Amino acid sequence: MIKYNNDLLYVEDLSLKEIAKDKPTPFYVYSLQQMRRNIDIINETFEGLNFHISFAAKANNNLYILEALKDMGVGIDIVSKGEFEAAKRVGFTNEYVVVNGNAKSDAFLREMLTYQPRGLNIDSPEELERLSEICVQTERGIKVALRVNPDVDPITHPYISTGLKKNKFGMDLETAAAVIKQYHSHPYIQINGLHLHIGSQLLYISPYEDAYSKVYDFISSLETHNLTYINIGGGWGIDYHKQGQDFPVEEYKEKVIPILKRFNMDLILEMGRYIIGNAGILVSKVEYIKRTPFKSFIVSDASMADLIRPSLYDGYHHIYPVTKDGEEELPFDVVGPICETGDRFAEDRIMTTPIVGDYIAICDTGAYGFAMSSNYNFTLRPAEYLIKDKGLVEIRPREDFDELVSYYKPEVL
Ligand SMILES: *Cc1c(COP(=O)(O)O)cnc(C)c1O
C-alpha cells in the first residue's frame with residue numbers, strides 16, 4: 001500500500017507530501033483499496049464455508065468507513081449503544097448487526113428484543129436471566145448466542161487477551177452447558193449460537209486450533225441443543241514489524257478451516273484489525289529534531305492523544321519520513337507534545353533523519369488509532385481522509401475548538 005518513489009512516500013498512487021501540503025497535521029488517511037484486499041483474503045480463506053463477516057466497529061468507527069464496508073457486503077459488530085446508533089445511521093439492517101458487550105443495560109436489551117439483530121451474544125448467565133425476565137414481561141422471543149470462554153492463551157499482549165479463565169468475558173464451558181440445558185425449552189429464548197473471541201493481534205494459529213477444537217468437543221458432549229451457528233470472533237493480527245510476521249493465512253487454511261468444517265454450522269466472523277489496521281496511516285509534522293548528549297528525538301505534532309497504542313501496550317508501528325533525503329540513519333526516539341514521558345511512538349528506532357517541517361508517516365494505524373483518540377492536553381482530534389478510486393475524500397474534519405467547548409456558558413456558575 002505504501003512505497004517510496006523518487007524518495008517520496010506514496011499511499012496507493014498518491015504522494016503523501018502532496019496530500020499533506022495544505023492540511024493541518026496530524027491527520028489519518030485510509031485506503032479503500034487496501035480494505036478490499038484484506039476482505040478478499042478473508043473471503044478466500046473461508047471459501048466453501050457458509051460464513052458472514054462482521055466488522056468490529058470498535059477498531060474504527062468513522063461512519064464513512066462503516067458505510068464503505070457495508071457497501072462491500074460486510075456486516076457490523078457493535079458493543080455499545082453508540083455503535084448501535086452508528087450502525088443504524090449508516091443504514092445497516094438488523095440482519096447485518098451482531099451485538100456484543102458484557103454490560104448491556106436493561107433498556108438496551110429491550111431495544112434488542114424489538115430490533116432482532118443477526119446475533120446477540122450473551123456474556124453471562126446473569127445477563128441471560130435479565131433478558132429472560134424482559135422476554136416474559138414483553139412476551140417477545142429472541143435467538144441468542146452464548147459467549148464462551150474456552151480458557152486458551154492467545155499468545156498476545158495481556159491487555160488484549162480475552163479468552164483466559166481469569167478474563168472478564170464470557171462463561172466457562174461447564175457453565176455454558178448448564179445454561180444450554182436450563183434454557184432448552186424456554187418459551188422465549190432460543191440459544192442457537194456459541195460465540196468466542198479469544199483475543200486481539202493473534203499471530204499464531206495454535207490458540208485458534210485449541211479454542212475451536214475445545215468448542216467442537218463441547219458441542220459433541222451436549223445431550224441436546226439448538227445450535228445452528230458459531231461466532232468465531234476476530235483477532236487476526238497484522239504485521240506491524242513487516243518482518244513476515246503477518247497473520248499466517250495459509251497455515252490457518254490448513255489447520256483451522258478443517259476444524260471449522262467439522263462443525264457443519266454457519267459461521268460469523270468478527271474482524272476488526274485485519275480489515276482496517278494496515279489500511280490506515282497517521283501523518284504528522286516534524287516540529288523539531290532535538291539532540292541531547294544522550295539521545296536524539298524526533299518531536300512530532302502527533303501524540304498519544306491521537307494514537308495511544310504505543311503508550312498503552314507497547315504497540316509497534318513503522319515510521320517513515322515522507323521525504324527521504326538520504327541523510328544518515330540514526331537511533332531516534334519519536335515523541336509527541338503531550339506532558340507524559342509515555343507520549344512516545346518509538347524508542348531508539350533506527351531511521352533516516354527526517355527534515356524539520358516535513359512529515360512522518362506512522363503506519364498500520366487504521367485500527368484502534370483514531371478510535372482510541374482523546375482530547376488529553378486539549379488536543380483536537382485529527383481529520384480523517386479516505387483514498388477512494390485514486391482520489392482523496394475528507395471523511396471527518398479536524399475537531400473544532402469552539403465545538404469542543406460549546407458546553408461552556410459563562411452564566412452557569
Ligand atoms: C475487539 C473484538 C473483535 C475484533 O477484534 P480484532 O482483534 O480487531 O479482530 C471481535 N469480537 C469481539 C467480541 C471483540 O471484542
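These numbers were taken from a predicted model, which means no experiment stands behind them. Heavy atoms only: backbone and side chains are in, while hydrogens, waters and symmetry mates are out. Atoms within each ligand, like the ligands themselves, are counted from 1 in listed order.
Residue Gly199 has no N or O atom closer than 3.5 Å to an N or O atom of ligand 1. For the pair Lys58 and ligand 1, the shortest N or O to N or O distance falls below 3.5 Å. Remark: ligand 1 and Glu270 share an N or O pair separated by less than 3.5 Å (distance only, no angle test).
Remark: Lys81 is not positioned above the aromatic ring of Phe108, lacking an NZ or CZ atom under 6.0 angstrom from the ring centre and at most 45 degrees off the axis. Both tests hold for Arg309 against Tyr240: distance to the six-membered ring centre under 6.0 Å, angle to the ring axis within 45°. Stacking of Arg262 on the aromatic ring of Tyr216 is recorded, both the 6.0 Å distance cut-off and the 45° axial limit being met.
The contact set between ligand 1 and Gly272, taken as ligand atoms under 4.0 Å from a residue heavy atom, comprises 4 (C), 6 (P), 8 (O), 9 (O). Residue Asn100 approaches ligand 1 through these ligand atoms, each under 4.0 Å from one of its heavy atoms: 13 (C).
Residue nearest to atom 7 (O) of ligand 1, selected from Ser200, Gly237, Gly233: Ser200 (by heavy-atom distance). Between atom 5 (O) of ligand 1 and the options Arg273, Met271, His197, Arg147, the minimum heavy-atom separation is to His197. For the residues Ser54, Ala56, Gly101, the heavy atom positioned nearest atom 4 (C) of ligand 1 is part of Ala56.
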Show your working on salt bridge (Lys or Arg N to Asp or Glu O under 4.0 Å) between Glu12 and Arg37 and close with a plain yes or no.
CA-CA 12 Å; Glu12 306 300 356; Arg37 289 182 200 120; 2.9 Å; yes

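Between Phe46 and Phe51, the ring planes lie tilted relative to each other; the angle falls in the 30° to 60° range.
Ring centroid separation for the pair Tyr252 and Tyr208 comes in under the 6.0 Å cut-off. For Phe378 and Phe401, the distance between ring centers is under 6.0 angstrom. For Tyr385 and Phe27, the ring centers are positioned less than 6.0 Å apart.
Ligand 1 is approached by Tyr368 to a heavy-atom distance shorter than 4.0 Å.
The closest protein non-hydrogen atom to atom 9 (O) of ligand 1 is Gly235 N, 2.8 Å.
Neither the backbone nor the side chain of Val79 comes within 4.0 Å of ligand 1, counting heavy atoms alone.
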